[in-house]
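Some notes on the structure that comes next.
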Amino acid sequence: MSSLRERMNRLRSSTGGTPESAVQQPSRGSDIETPLESYNETNKETNIEAYELHDSHTDGTVSEAEAGTEQLPESWLAMGVKLQTNEVGTFLLREVKYSADHQHGIHRLSELEEASKGLSAFHGEQIGAEHLLILDLETTGLGVGTGNVPFMVGIAYWQGQQFIVEQALIRHPAEERAMLAYLKEKLTAYAYLVTYNGRTFDWPVMLNRFILNGFGSKVWAPLHLDFLHPARSVWRNTLTSCRLSHVEEERLGIERVDDVPGSLAPQLYFQYLADQNPEPLAGVFRHNEIDMLSLASLAIRFGHLLGGEAGCGPLPMPEEPEEIVRTGLWLEKMGQAEKAERLFAVAEQQQGMTLNALLLLAARDKKAGNWRRAVLLWQKAVMLPLKFGASDDSAFIELAMYYEHKLKDYESALLYADEALQMALSHPLRGRQTAKQRAELAELRKRSLRLQGKIGRKLGSHGT
DNA sequence: CTACCTATGGGCGAATCGGC
DNA sequence: GCCGATTCGCCCATAGGTAG
């Protein structure tokens with residue numbers, strides 16, 4: 001990460017406002033964390049200077065902030081931002097309330113009440129919607145080290161049939177302590193933290209900021225509901241990516257119009273720090289707000305899945321067979337075996353069953369010792385018309401193993417083994433084969449030869 | 001020099017079975 | 001009854017993806 005000063009220089013030069021910065025700063029070779037002290041000091045220095053400049057430009061009363069009668073410029077008020085002051089200091093707060101019947105994609109926020117009961121499968125305790133605290137940060141970078149500052153902290157919660165979104169924003173690092181003091185009081189009222197990859201990102205960053213600002217490391221110890229991994233369990237292979245924005249679009253029916261990508265948030269904030277124009281931050285507020293609404297939708301989705309029934313009520317049955325199977329496997333892992341079985345049954349009745357879905361189901365049956373069903377699934381798999389491109393001969397190999405070792409039917413085993421061999425021989429001609437591919441080919445030949453030998457000996461002993 | 005979780009692959013011993 | 005081959009289960013190391 002480059003230092004703030006470098007970034008701001010770059011920003012200034014790229015916005016083209018200052019003629020003396022026509023020469024672009026090279027951005028390579030400066031990816032080193034700036035130590036905290038210099039980072040913060042640089043930040044404070046530059047920013048306070050710029051802020052006062054701006055203040056005196058608007059109404060000429062520089063001392064209003066200190067007197068506590070500070071008025072926010074119209075540009076802030078236009079996006080619903082208000083000044084928030086406590087004993088520690090001042091920061092900005094934007095609050096948006098949604099009514100229970102607000103529709104966000106395919107889900108309605110009111111579903112949270114019912115769905116949150118299902119979320120107890122995560123930690124084994126009964127969960128009420130009013131105990132969930134949704135958190136999403138916009139920060140100056142991706143690191144979780146001390147150099148990364150959450151300049152916007154979005155929280156959302158369910159309260160009295162309303163979904164309330166609060167977004168705290170700091171105009172410069174000096175406002176962070178006041179924001180954290182406010183958040184500390186808010187957070188500790190909740191038992192559950194809801195995030196997307198917040199286990200690795202949002203929460204460690206918050207924790208670091210609390211520690212660094214002298215609030216200690218024990219401000220809050222919630223039970224964590226991080227939906228990244230459940231999302232991956234269910235949607236890997238059926239979605240090209242499991243980023244929240246993609247899951248949202250493909251599975252939650254949410255369409256973002258003119259969304260500011262999260263990756264742009266740091267730049268927009270630096271730009272604001274440099275020129276004190278808050279307008280571009282409107283997009284960041286909006287982005288952060290939708291992230292939290294989507295997190296609520298995800299909570300609804302997984303809550304319904306764990307507590308209710310897929311295909312009934314508000315929760316649609318997945319369309320892709322592999323998604324149905326993976327959903328079942330995840331439910332099984334979460335201790336919902338009966339619900340899983342129902343999904344597996346649905347999957348098996350599907351017409352367009354895919355190879356992967358069949359193999360997943362078969363592998364599960366094999367592990368459980370359910371050979372009858374596993375064999376049926378492998379047999380379905382080898383009947384599938386093979387798709388162009390990647391081939392998967394594992395069903396043939398599994399069947400070859402089953403016929404050789406369980407049934408001692410070497411002739412049938414040989415047929416499957418040779419089909420696998422044929423498949424391996426006909427496909428990998430594109431490009432050089434890897435060591436692994438060569439090893440697999442050698443293994444297939446060995447299997448075929450071994451089976452031929454067994455057949456030969458059996459016939460020989462029979463004949464004589 | 002992110003950190004976390006999950007899936008994947010390799011390695012190794014146990015268990016099984018056929019061949020001799 | 002022993003030996004070698006094969007498969008399976010378990011453990012550990014590694015890779016990939018996501019957060020702004």
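Chain naming here is simple, since letters A, B, ... match the order of the sequence lines and numbering starts at 1 in each.
Toward the 5′ end of DNA chain C lies the nearest nucleotide of A:H229, the other residue of the pair A:S263 and A:H229 mapping further downstream.
Aromatic ring pairs are classed by plane angle as parallel below 30°, tilted from 30° to 60° and perpendicular above 60°; the pair A:Y192 and A:H123 is tilted. Using a 30° and 60° split on the angle between ring planes, A:F215 and A:F210 fall in the perpendicular class, above 60°.
Contact between the side-chain N/O atoms of A:R243 and the OP1/OP2 oxygens of C:dA19 is found at a separation under 4.0 Å. The side chain of A:S241 contributes an N or O atom lying less than 4.0 Å from OP1 or OP2 of C:dT18. Between A:R199 and the phosphate of B:dA3, there is no side-chain N or O to OP1/OP2 separation shorter than 4.0 Å.
Side-chain atoms of A:D418 and A:S448 include a donor-acceptor pair closer than 3.5 Å.
With respect to the salt-bridge test (charged N to carboxylate O, under 4.0 angstrom), the residues A:R326 and A:E320 do not qualify. Using a 4.0 Å cut-off between charged nitrogen and carboxylate oxygen, A:R364 and A:E341 count as a salt-bridge pair.
Separating the OH atom of A:Y196 from the P atom of B:dA3 is a distance of 21 Å, rounded to the nearest angstrom. Taking atom CG of A:N288 as the reference point, atom P of C:dA19 lies 14 Å away to the nearest angstrom. Between A:L228 atom CG and C:dG20 atom P the separation is 11 Å, expressed in whole Å. Rounded to whole angstrom, the span from the CG atom of A:D226 across to the P atom of C:dA19 amounts to 10 Å. Atom-to-atom, CH2 of A:W235 to P of B:dA7 comes out at 15 Å; the value is rounded to the nearest Å. Rounded to whole Å, atom P of C:dA5 lies 18 Å from atom CD of A:Q452. With rounding to whole Å, A:H224 atom NE2 is found 12 Å from B:dC4 atom P. Rounded to an integer number of Å, the gap from A:K333 NZ to B:dT6 C1' is 7 Å.
Checking each of A:D226, A:D136, A:L207, A:V144 against A:D202 for a side-chain contact (heavy atoms from CB on, under 4.5 Å) leaves exactly one that passes, namely A:D136.
Contact annotation for A:D136: backbone-only contact, meaning every heavy-atom pair under 4.0 Å involves sugar-phosphate atoms and none involves a base. Using a 4.0 Å heavy-atom cutoff across all strands shown, A:K366 reaches sugar-phosphate atoms only and no base atom. Across all strands shown, A:T195 has no heavy atoms under 4.0 Å from either base or sugar-phosphate atoms. A:R232 comes within contact range of at least one nucleobase, with a heavy-atom separation under 4.0 Å. Using a 4.0 Å heavy-atom criterion, one finds that A:L244 contacts the sugar-phosphate atoms exclusively.
Checking side-chain atoms of A:R177 against main-chain N and O of A:V88 turns up no donor-acceptor pair under 3.5 Å.
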Identify each atom pair where a protein N or O and an N or O of nucleotides 17-20 of chain B are less than 3.5 Å apart, giving names and distance.
{"unit_1": "B:dG18", "atom_1": "OP1", "unit_2": "A:K408", "atom_2": "NZ", "d": "2.8"}

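Contacts between residues 367-378 of chain A and DNA chain C, defined by a heavy-atom separation under 4.0 Å, are made by A:W371.
For A:R236, the side-chain atoms get nearest to B:dA7 when compared with the rest of C:dA19, C:dT7, B:dA7.
An end-to-end axis angle of 20° holds for the helix from B:dT2-C:dA19 to B:dC20-C:dG1, taken from five base pairs per end and rounded to 10°.
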